[in-house]
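Have a look at the structure below, then the notes.
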2 protein chains.
Amino acid sequence: MTDRTAEAPSSATLSSTLVGRLRNAIMRGDLMPGTRLNLDRMRASFGVSLSPLREALCRLENDGLVTIVDQRGYRVTPVSAENLAEVIRLRVELEGMALREAIQHGDIAWEGRILAALHQLNRCKRSARSSIEEQEVWELAHRAFHAELIAACRMPLLQQFCATLHDQSDRYRRIFLKTHTPDRNVAEEHAAIADAVIKRRVREASAILRAHIERTGRNIQTALDHGLCST
Amino acid sequence: MTDRTAEAPSSATLSSTLVGRLRNAIMRGDLMPGTRLNLDRMRASFGVSLSPLREALCRLENDGLVTIVDQRGYRVTPVSAENLAEVIRLRVELEGMALREAIQHGDIAWEGRILAALHQLNRCKRSARSSIEEQEVWELAHRAFHAELIAACRMPLLQQFCATLHDQSDRYRRIFLKTHTPDRNVAEEHAAIADAVIKRRVREASAILRAHIERTGRNIQTALDHGLCST
DNA sequence: GCGCCCCCAATCATCGATTATTTTTGAATC
DNA sequence: GATTCAAAAATAATCGATGATTGGGGGCGC
C-alpha cells in the first residue's frame, strides 16, 4: 500500500507522486464520483506520459478510488448508499478487531504515540471557516490518529484493509459533509477512545470506536440521500 | 478485482490475460516466493512489451502476490510464518462474517448453486497421481465452491477481501502442500459445510468453516516450518 | 592492507508514436 | 420518423526507443 502520510520524499517515482496527487483530487472531491478519466486530457493536465498515469490509476484501483473497465477506460469509483453502508460496516468490524489486538499487544511507547497523535490532532483548528490548508492538516492528523490506534495490532494485512476502508469512508465524508459543520464534539470522542485504549479497556474502547464510526456513517448517509435525490 | 474463473473470453486486454498467466505461475509455484522479476526477461519470455507487463504486475500487487519497490523492481511476494498466520486468521474472521450474512440473505436459488458447486467439486478426482490438469480443475472447482458459499452476503467489498485472502492462502497450500496427499476427508468437510448452510444453522456452519480453514492452515504451517528450516 | 569514491553495466522508468478498439455521426432504408 | 449500417472520429492499448537510477567493481588516497 502506498504511504499516505509522507509525500514521497526522495526515491519517488513519477507514478508514485501521481498516485498521491490523484488520491487527493479524488478524496477532496475535485474529481467527483463517476467522472470519466480521459487519459489524453489527464496526460496533458498533469504533464506526464501515459505509462506512469496508467500505473497510478491502476494503483488507485486497489484502494477502490478508481474503477477500470477493459478497453473502456477509467472512472472515479461511483458512490452509493449500499457501498457506504458496507464500508461503514466493515470499518466497524475490522477496525474493531484491529483495536482489540492492538490493545493486547501494544506497549508503553505505543500509548505515548497515541497521546502524541491525539495532541497533534487537537492542535488543529477545524471549523467552517478554516482554510483549505488547515482542513488538509486536520485530515492528515485525523488519519494518523486512527492509524496509530491500530498500529500495534501486528497484523499488516488487516491494517492495510483498514486503511483502504478509511480512505473510502473519508472520501464520502469529505464530499458529502463538505458544508456540514461538525455537529458533535468529535474531539471528545477521540479523547475518550484514547483514554479507554490506554487504560486497556477493550470492550469500552471498541464500543466507543464503533459508535464513533457509525455516527459519522449515519451523518454521511443522511447527506448522501439528500444529495442523490437533489441531483 | 480481476475475475479468476473466466479466462478473459472476448474483450480481454493483453494486460488482463497476462494477469491470469502470471497469477497461475505464482500460485502453482512456478515462480517461487521471493523471486526477482526481471522486466526485460519477462518481456522476452511472454512476448509482450513493457507497458502491459507493468500493468499486470501492478494489478497482482493488489492481490498481494507481487511486491513492488520503487526504482528497484518487482518480486514475487515472499512468504513467512507470520504472514500465513495472519492470512488464516483473517480468512476465519472475514469468511465467517460473510457466511453469516449469506445465510441470512440467501434464497433457494443460492442453495441450489451451492449444491451444484459441491457436486462439481466432488466430481473432480484428486489424488497424488492426478494429472496437473485434473488438479487445476479441482482448484477451480474448490475456489468456486468457497466463493458460492459467501456469494449471497450482499457485501461486494467483503467478498473481494475474501477472494484476495483465499488467493494468498491457496498459494501457500499449493506450494507447501505440493507433495502432501490429502490426509483428511476434505470432501466430507465441504459437504458438512454445505449441509449446515442450507439448513441455515449459522453457528454450526461458521464453526465447521472455521475448523476447515484452520486445519488447512496448521498443515501448511507445519510444512512451511520444515521447508524454511531445510532451505 | 583497508576504506572511500567514482565510473560502468544492468535495470527500471518514462516518453512519443503506432495500432486496435470503441463510440459517434450521418446517410440510406424501411 | 425511427432504425440500421458504415465510415470517421475519439479514445484506449501497445510498442520500441530514450532517459534515469541503482549496485557492483576497480582505482586512488590514507
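Scope of the values below: all heavy atoms of this structure, side chains included, with no hydrogens, waters or symmetry mates. Letters go in sequence order (proteins before strands), and every chain restarts at 1.
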Whole-Å distance separating the [atom1] atom of [X] from the [atom2] atom of [N]:
X	N	atom1	atom2	answer
B:Leu14	D:dG16	CG	P	12 Å
A:Arg72	D:dA12	CZ	C1'	11 Å
B:Asp70	D:dT21	CG	C1'	11 Å
A:Arg75	C:dT22	CZ	C1'	14 Å
A:Asp40	C:dT22	CG	P	18 Å
B:Leu39	D:dC15	CG	P	14 Å
B:Gln71	D:dT21	CD	P	7 Å

Identify whether any heavy atom of B:Leu37 sits under 4.0 Å from a base atom; if not, whether one sits that close to sugar-phosphate; answer base, sugar-phosphate or nothing.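 Sugar-phosphate, no base atom in range.
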Report which part of the nucleic acid B:Arg43 touches: base, sugar-phosphate, or nothing (heavy-atom distance under 4.0 Å, all strands).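 Counting heavy atoms under 4.0 Å across all strands, no contact is made by B:Arg43.
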Listed by chain and number, what are the ring-ring contact (aromatic ring centres under 6.0 Å, His included) partners of B:Trp138, not counting sequence neighbours? B:His142
With A:Tyr172, which residues qualify under ring-ring contact (aromatic ring centres under 6.0 Å, His included), at least two apart? none
With sequence neighbours left out, which residue pairs that include part of residues 150-160 of chain B fulfil the salt bridge (charged side-chain N to carboxylate O under 4.0 Å, His left out) condition?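 Sorted result for residues 150-160 of chain B: empty, none.
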Applied to residues 46-56 of chain A, the salt bridge (charged side-chain N to carboxylate O under 4.0 Å, His left out) test, sequence neighbours excluded, yields A:Arg54-B:Glu55, A:Glu55-A:Arg59, A:Glu55-B:Arg54
Given [N], is OP1 or OP2 found less than 4.0 Å from the side-chain N or O atoms of [X]?
X	N	answer
B:Ser15	D:dT14	yes
A:Arg36	D:dA10	no
B:Thr13	D:dA12	no

DNA chain C contacts among residues 46-56 of chain A, heavy-atom distance under 4.0 Å: A:Val48, A:Ser49, A:Ser51, A:Pro52
List, one per line, each side-chain donor-acceptor pair under 3.5 Å for residues 30-38 of chain A, sequence neighbours excluded.
from	atom 1	to	atom 2	distance (Å)
A:Thr35	OG1	A:Met32	N	3.3
A:Thr35	OG1	A:Met32	O	2.4
A:Asn38	OD1	A:Asp40	N	2.9
A:Asn38	OD1	A:Arg41	N	3.0

Can A:Arg174 and A:Glu136 be counted as an ion pair, charged N to O under 4.0 angstrom? yes
Salt-bridge contact A:Arg91-A:Glu86 (side-chain N to carboxylate O under 4.0 Å): no
